[in-house]
Amino acid sequence: TGSGQQSVTGVEASDDANSYWRIRGKSDSSCQRGTPVKCGQAIRLTHVNTGKNLHTHHFPSPLSNNQEVSAFGDDGEGDDLDFWIVQCSGTFWEREDAVRFKHVGTEVFLSITGEQYGHPIRGQREVHGMPAANHHNYWKAMEGVFIKPSLDPAKHDEL
């Protein structure tokens, strides 16, 4: 059932290599590497291993009957349903912050509530969209490459 697009699932392990997502702006020029992500900024999340974007649309999710979340597009190029607003408490998304992602097109929150798939992806949890903000839609970056911006823009310490 559903859209037939690639499923997005969640796992408990924070070091699962299939759990890495690249943060991108609405356009590639709007999100330069090392620039902090602002609270309220629209972003795209591109799955590192597949190049597909985190996506949602008005299809019911298979387990919880909430809104389906899928991976869509090729090489980071998808459509207008790939944009999410970062909701956080300060000015910028800080590394240790728990944040919410609200979908621009359908206004649902990226969520996980615990429903688990059986065969062939046993133990993986359904990721879906929910219409209301609640404790099921907080996310935290646990691993990854974090680039701290230089305080002095004239000083550049990478090759």
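All values reported here derive from a predicted model rather than from experimental measurement.
When all heavy atoms of S70 and V8 are compared, the closest pair comes out as C-CG2, 3.4 Å. Looking at every heavy atom in both residues, L81 comes nearest to G105 through CD2-CA, 4.3 Å. The two residues G90 and C39 have their closest heavy-atom pair at O-SG, 3.1 Å. Scanning all heavy atoms of the two residues, the minimum distance from I112 to G10 falls at CD1-CA, 3.9 Å. For H128 against E115, the heavy-atom pair with the smallest separation is CE1-OE1, 3.7 Å. N134 approaches M130 most closely through the heavy-atom pair ND2-CE, 3.7 Å.
Judged by distance alone, the side chains of H57 and E68 do bring a donor and an acceptor atom under 3.5 Å apart. Checking S61 against E126 by side-chain atom types alone, a donor-acceptor pair falls below 3.5 Å. Using modelled atom types and a 3.5 Å distance limit, the side chains of T46 and R22 yield no donor-acceptor pair. Side-chain contact, R100 with N137: a donor N or O sits under 3.5 Å from an acceptor N or O. A donor-acceptor pair shorter than 3.5 Å can be found between the side chains of Q67 and T56.
Partner D82 forms a side-chain hydrogen bond (donor to acceptor under 3.5 Å, both in side chains) with one of H55, R44, K26 and no other, that one being H55.
Using a distance-only test at 3.5 Å, with no hydrogens or angles considered, no donor-acceptor pair links the side chain of W84 to the main chain of F109.
Taken together through direct or relayed side-chain contacts under 4.5 Å among Ile, Leu, Val, Met, Phe, Trp and Tyr, W21 and V69 form part of one hydrophobic cluster. Grouping the Ile, Leu, Val, Met, Phe, Trp and Tyr side chains by contacts below 4.5 angstrom, directly or via other members, places L110 with I23.
A 4.5 Å side-chain heavy-atom check between V108 and K102 finds every atom pair outside the cut-off. Residues N18 and H47 are in side-chain contact: their nearest non-hydrogen atoms beyond the backbone lie under 4.5 Å apart. E77 has its side chain out of reach of K52: every pair of non-hydrogen atoms, C-beta onward, lies at least 4.5 Å apart.
Taking the ring centroids of F101 and W93, they lie under the 6.0 Å cut-off.
Every residue two or more places apart in sequence or in another chain that forms a salt bridge (charged side-chain N to carboxylate O under 4.0 Å, His left out) with R125 is listed here: E12.
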